[in-house]
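The block underneath contains the structure these notes are about, expressed in structure tokens.
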Amino acid sequence: AKTVTITGSDTNFSYLRIVVLHNDVEVSRQSVYSTSSSVYLNESGTWKVSVRSVDMAGNISNDGTWTQRTYTINMSGD
């Protein structure tokens, strides 16, 4: 298992938008109104965590492009 911590930083930070896929199936979509959030990757398979932040004026980070990281989790103990 793995814990991924996502942190947004901006002087006018409003919220994070986080989407989590497990084996290409969406398992979570949330808006987080704090500067940090954790995602728990607790099953074997491929996980994709996508995030973007929004500031108080409604501007989306990276011109609206999602920042994505991919993780492969093996829980078999091998």
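Quick caveat: nothing in here was measured; it's all calculated off a predicted structure.
Residue pairs that meet the ring-ring contact (aromatic ring centres under 6.0 Å, His included) test with at least one member in residues 10-43, sequence neighbours left out, are Tyr15-Tyr33, His22-Trp47. Here salt bridge (charged side-chain N to carboxylate O under 4.0 Å, His left out) pairs that include residues 54-67, with residues two or more places apart or in two chains, number zero.
Through side-chain heavy atoms spaced under 4.5 Å, either directly or across other Ile, Leu, Val, Met, Phe, Trp or Tyr residues, Trp66 is tied to Val19, Leu21. Applying the under-4.5 Å side-chain rule to Ile, Leu, Val, Met, Phe, Trp and Tyr, the cluster around Met56 consists of that residue alone.
Partners of Glu26 under the salt bridge (Lys or Arg N to Asp or Glu O under 4.0 Å) rule, at least two apart in sequence or in another chain, are Arg29. Applying the side-chain hydrogen bond (donor to acceptor under 3.5 Å, both in side chains) criterion to Asp24, with sequence neighbours excluded, gives Lys48. Listed by chain and number, the residues in a salt bridge (Lys or Arg N to Asp or Glu O under 4.0 Å) with Arg69 amount to none (sequence neighbours excluded). In this view, Asn12 satisfies the side-chain hydrogen bond (donor to acceptor under 3.5 Å, both in side chains) rule with no residue, not counting sequence neighbours. Applying the side-chain hydrogen bond (donor to acceptor under 3.5 Å, both in side chains) test to Gln68 and every residue at least two apart in sequence or in another chain returns Ser50. In this view, Val32 and Leu16, Ile18, Gln30, Ser34, Ser37 satisfy the side chain to side chain contact (heavy atoms under 4.5 Å, CB included) rule, not counting sequence neighbours. In this view, Asn42 satisfies the side-chain hydrogen bond (donor to acceptor under 3.5 Å, both in side chains) rule with no residue, not counting sequence neighbours.
Under a hydrophobic clustering in which Ile, Leu, Val, Met, Phe, Trp and Tyr are joined whenever their side-chain heavy atoms come within less than 4.5 Å, directly or via other members, Val51 and Val39 fall into the same cluster.
Between the side chains of Arg17 and Ser31, a donor-acceptor pair is found at a separation under 3.5 Å.
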Below 3.5 Å, can you tabulate the donor-acceptor pairs from side chains in residues 1-8 to any protein atom, sequence neighbours excluded?
unit_1, atom_1, unit_2, atom_2, d
Thr5, OG1, Ser38, OG, 3.4

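Across all their heavy atoms, Ser44 and Ser76 have their closest contact at OG-N, 4.1 Å.
Atom CD1 of Ile60 and atom OG of Ser53 lie 9.0 Å apart (nearest 0.5 Å).
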